[in-house]
Chemist: 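Just passing along the structure, written as structure tokens.
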Protein chains: 4
Amino acid sequence: MTVKQPARRSERSKQAILAAAAELLAEVGFPKLTIEAIAARAGVGKQTIYRWWPSKGAVVFDALLSRMGEDGDLTLPDTGDLAADLRLLLRGTVAEMGDPGFQAPGRAMTTEIQTDPALAREYRERLLGPNLEAMKTRLRSAREAGQVAADVDLDVAVEVIFGPVYYRWLLRLGPLDDAYADAVAGMALSALR
Amino acid sequence: MTVKQPARRSERSKQAILAAAAELLAEVGFPKLTIEAIAARAGVGKQTIYRWWPSKGAVVFDALLSRMGEDGDLTLPDTGDLAADLRLLLRGTVAEMGDPGFQAPGRAMTTEIQTDPALAREYRERLLGPNLEAMKTRLRSAREAGQVAADVDLDVAVEVIFGPVYYRWLLRLGPLDDAYADAVAGMALSALR
Amino acid sequence: MTVKQPARRSERSKQAILAAAAELLAEVGFPKLTIEAIAARAGVGKQTIYRWWPSKGAVVFDALLSRMGEDGDLTLPDTGDLAADLRLLLRGTVAEMGDPGFQAPGRAMTTEIQTDPALAREYRERLLGPNLEAMKTRLRSAREAGQVAADVDLDVAVEVIFGPVYYRWLLRLGPLDDAYADAVAGMALSALR
Amino acid sequence: MTVKQPARRSERSKQAILAAAAELLAEVGFPKLTIEAIAARAGVGKQTIYRWWPSKGAVVFDALLSRMGEDGDLTLPDTGDLAADLRLLLRGTVAEMGDPGFQAPGRAMTTEIQTDPALAREYRERLLGPNLEAMKTRLRSAREAGQVAADVDLDVAVEVIFGPVYYRWLLRLGPLDDAYADAVAGMALSALR
DNA sequence: AAGTAATCGAGACGGTACGTCATGTCTTACC
DNA sequence: GGTAAGACATGACGTACCGTCTCGATTACTT
């Protein structure tokens, strides 16, 4: 005897809405994206959106999540060589952030998080948190291998690794290329030792 | 022979507008701030705002700038002891970012910069740039004193110092206290050596 | 062999719907009355209403009819004295129309009839028609008694009797009291002779 | 030094709105007429309608009034022969009410008046009142000529004249032709003597 | 007594219109 | 010519109902 929680939701509509949101986000950008446009494109009543999502930001967030397939893995590579792994990881991060397809939604997300606490929570729990945790796991392994000093606060360590990249990306302070990734990786490595 | 550039602009109105913008920003936050409300509060016609500023963001930016008095100094302390100076600097930075009076406008600014290129330019030129430059100047002095490795890219170095703090602040990853400032300062120092 | 026309209709639901409609009509008035509100108040699915009635007006009409008990009698008193009978009848009519409990539904009915032909037909057949017919029957009797001229068109006569009252009521042209009823009765009597 | 009350209203928009309302009323009927459609047809913002009229009914009323040119005359013909004048008047009334172009707006008006007190007041003051007053003036003159009994209440008299016609028209009780007009005129005349 | 089909409550759905809000442009009258 | 005031066309907002639909769950007739 199961509890029927949200009372028969139309999967068809849900998918159409998320798809429309993703498309429009790419076409017009987050600030010019409207609920009405999403509804129209998805062939759906506005109420159907308002029924299931509390805000424009929430729809877009879900759209992005479902596009990313909720990832899955999230275990970082561990070859035993922290320097190499870090370099590889940051090269990947930098490449993703430079990707035009990621830029708009990525910035929109960051922006939206600033004013919508509920969304911020979702973001931290479902996207950011797992990633940071994976990094901490890798660092813990490195610490056991003696590649990271015992007294290093892993939370701070993680921020020292990702913070600079994020900072440069968000404020457009410079190019996000492999050379930059290596430079940050090098400095972070020195910092942790 | 005076330079009467904008012909005949009412200083009275300008001040009223900036004051109203600052007040309303504190009261309702940036997203709920409207041009109409600013005009009403300032006792000014809407057109007077549109005549002199291109966007809501620009008005708010000017309002904040004029509140901060355009600073002035911007030479960082140089006691010769980079570790101490860095610790002091980051403690100050962290304190400012934790200040409730800075939070709302600070986040609004970051947000607005993402979509308004003109504003982004202003921000980088008049606020962020000078601060980063000051930091670089201090690091250059430290390099001459042998406290920073010769091959360190100063642009990256600056991001390694400020990036983590900014990251933690923007995404609310943890407390911004003196212990945190010291931890980042310590790691940054190791990274630069 | 029974007729089982509507197959298997829930009497319980039907009564709940009619009661809810009557209550809500009194509370919010016809224009602000909604099918959804009736369904909610009656504890009934919307479909159950749509299954058995074609329109909001039809539900309300049925509600009113069932409240009035479908009358029954509808033979006007005939004392032999047309003047007295007419006065009595109009005093009764006028009193009913002035009754606050009749006003709202009465006006709503008149209003609804203007746009819904099916409803209009129902109204004429089940309510108005029988009343007019009863009046005509009384006049016919009066004609035989020589109190009404032989060449009078009874259809017109009926309208001359009820028309003025209805006119004053609908357009709120003046008070609906006994004096008025008597005045109309007097004039009608002169008109018929 | 004049007081500028409503602060510069666009005559252009006003006319476009009234014209659009009149057209749409004829095309779709009052119940299916929407403010949005009027605004769209008139090439006007919805707000401009809401700024100057309180309800759909008020717009339509104004549209009808301006179409009728606010009449002007409103003195009924007085040939000295009340019977002839009455017959003529009622034939005209009956013809107008039978006119398909009058039917829809006429019924809509009657309907709307039932629920909108402000509109009802307007209607009585600007349309109905003057007409009834004109009729009373004519009857007064007839009374002086001895064609109407001295003790007749003119308010009631007017209702006895127009009431039957209105009744037959609104409830669609029968044809509105000259024969009917004459019949009512004849009865009314008898009633008044 | 079991099978079965119509009816029931609930409420999601695609829509339309609502009345409000803010946008950025414009026009007018004042100084 | 800049200004306060505010009307204007535009367009999105979030809500209310519309009338249709699909779901189990009764429920009352068959067989």
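All chains are named by letter (A, B, ...) in the order of the sequence lines, taking the proteins before the strands, and each is independently numbered beginning at 1.
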Chemist: Roughly how many Å is it from CH2 in Trp53(D) to P in dA7(F), rounded to a whole number?
Modeler: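 Rounding to the nearest Å, CH2 of Trp53(D) and P of dA7(F) are 14 Å apart.
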Chemist: When you check the phosphate oxygens OP1 and OP2 of dG9(E), does a side-chain N or O of Ser13(C) lie under 4.0 Å from one of them?
Modeler: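 For dG9(E), OP1 or OP2 has a side-chain N or O of Ser13(C) closer than 4.0 Å.
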Chemist: Would you say the side chain of Leu65(B) lies within less than 4.5 Å of the side chain of Leu127(B), judging by non-hydrogen atoms?
Modeler: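 In short, these two side chains touch, coming nearer than 4.5 Å.
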Chemist: Which residue lies toward the 5' end of DNA chain E, Pro54(B) or Thr34(D), if each is placed at its nearest nucleotide?
Modeler: Thr34(D)
Chemist: Provide, to the nearest angstrom, the distance between the CD atom belonging to Gln15(C) and the C1' atom belonging to dC8(E).
Modeler: 16 Å
Chemist: Consider the side chain of Val44(C), meaning its heavy atoms from C-beta on, and name the nucleotide among dC13(F), dG9(E), dA7(F) that approaches it most closely.
Modeler: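 Given the options dC13(F), dG9(E), dA7(F), the side chain of Val44(C) is closest to dG9(E).
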Chemist: Identify, between Arg12(A) and Gly45(C), the residue whose nearest nucleotide on DNA chain E lies closer to the 5' end.
Modeler: Gly45(C)
Chemist: Under 3.5 Å, is there any donor-acceptor pair linking the side chain of Gln47(D) to the base of dC21(E)?
Modeler: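 Per atom types, the contact qualifies.
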Chemist: Can you tell me which nucleotide in dT20(F), dA7(F), dC8(F) comes closest to the side chain of Tyr50(C)?
Modeler: dT20(F)
Chemist: Can you tell me how far apart CD (Glu112(C)) and OG1 (Thr111(D)) are? Round to the nearest 0.5 Å.
Modeler: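 One gets 8.0 Å once the value is rounded to the nearest 0.5 Å.
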Chemist: Among Val60(A), Val59(A), Ile38(A), exactly one meets side chain to side chain contact (heavy atoms under 4.5 Å, CB included) together with Trp53(A). Which residue is that?
Modeler: Val59(A)
Chemist: Check the phosphate of dG2(F) against Arg51(B), side-chain N and O only, distance under 4.0 Å to OP1 or OP2. Yes or no?
Modeler: no
Chemist: Whole angstrom is fine here: how far is it from CD1 in Ile35(A) over to C1' in dT15(F)?
Modeler: 14 Å
Chemist: Whole angstrom is fine here: how far is it from CD1 in Ile49(B) over to P in dA5(F)?
Modeler: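 Rounding to the nearest Å, CD1 of Ile49(B) and P of dA5(F) are 12 Å apart.
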Chemist: Separation of Glu11(C) atom CD from dT27(F) atom C1', in whole Å?
Modeler: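 One finds 16 Å between C1' of dT27(F) and CD of Glu11(C), rounded.
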Chemist: One thing to verify: whether Arg41(D) and Glu27(D) come together as a salt bridge, which I'm taking to mean a side-chain N less than 4.0 angstrom from a carboxylate O.
Modeler: yes
Chemist: Using whole Å, report how far CZ of Arg41(D) lies from P of dA9(F).
Modeler: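 Taking atom P of dA9(F) as the reference, CZ of Arg41(D) is at 17 Å.
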Chemist: Counting heavy atoms from C-beta on, name the nucleotide in dC13(F), dC8(E), dC8(F) closest to the side chain of Ser10(C).
Modeler: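 Selected nucleotide (nearest to the side chain): dC8(E).
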Chemist: Taking for each residue the nucleotide of DNA chain F bearing the nearest heavy atom, is the 5' side occupied by Gly43(D) or by Gly43(B)?
Modeler: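 It is Gly43(B), whose closest nucleotide lies nearer the 5' terminus.
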Chemist: What integer distance in Å separates Leu33(A):CG from dG11(F):P?
Modeler: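 The answer, rounded to whole Å, is 17 Å.
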Chemist: With a cut-off of less than 4.0 Å, is there a side-chain N or O of Thr48(C) near OP1 or OP2 of dT7(E)?
Modeler: no
Chemist: In plain terms, say whether Arg67(D) and Glu23(D) are close enough for a salt bridge, that is, a side-chain N and a carboxylate O under 4.0 Å apart.
Modeler: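 No, no charged N to carboxylate O under 4.0 Å.
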Chemist: Do the non-hydrogen side-chain atoms of Thr110(A) and Gln114(B) ever get within less than 4.5 Å of each other?
Modeler: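 When only atoms from C-beta onward are counted, Gln114(B) and Thr110(A) do not touch, as no gap falls below 4.5 Å.
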Chemist: Would you kindly compare Glu36(D) and Ala39(B) by the position of their nearest DNA chain F nucleotide and give the one closer to the 5′ end?
Modeler: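 The residue closer to the strand's 5' end, by nearest nucleotide, is Ala39(B).
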Chemist: How long is the line joining NZ of Lys32(D) and C1' of dG19(F), in whole Å?
Modeler: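 Taking atom C1' of dG19(F) as the reference, NZ of Lys32(D) is at 13 Å.
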Chemist: If you check every side-chain atom of Arg8(D), which of dT28(E), dT3(F), dA22(E) has the closest atom?
Modeler: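 The closest nucleotide is dT28(E).
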Chemist: Could you check which of dC13(E), dC13(F), dC18(E) has an atom nearest any side-chain atom of Arg9(A)?
Modeler: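 Of dC13(E), dC13(F), dC18(E), dC13(E) is nearest to the side chain of Arg9(A).
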Chemist: Among dT7(E), dG14(F), dG24(E), which is the nearest nucleotide to the side chain of Trp52(C)?
Modeler: dT7(E)
Chemist: Within the modelled atom types, does a donor on one side and an acceptor on the other bring the side chain of Lys46(B) and the base of dG6(F) under 3.5 Å apart?
Modeler: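 Looking at the base of dG6(F), it does not pair with any donor or acceptor on the side chain of Lys46(B) (distance under 3.5 Å).
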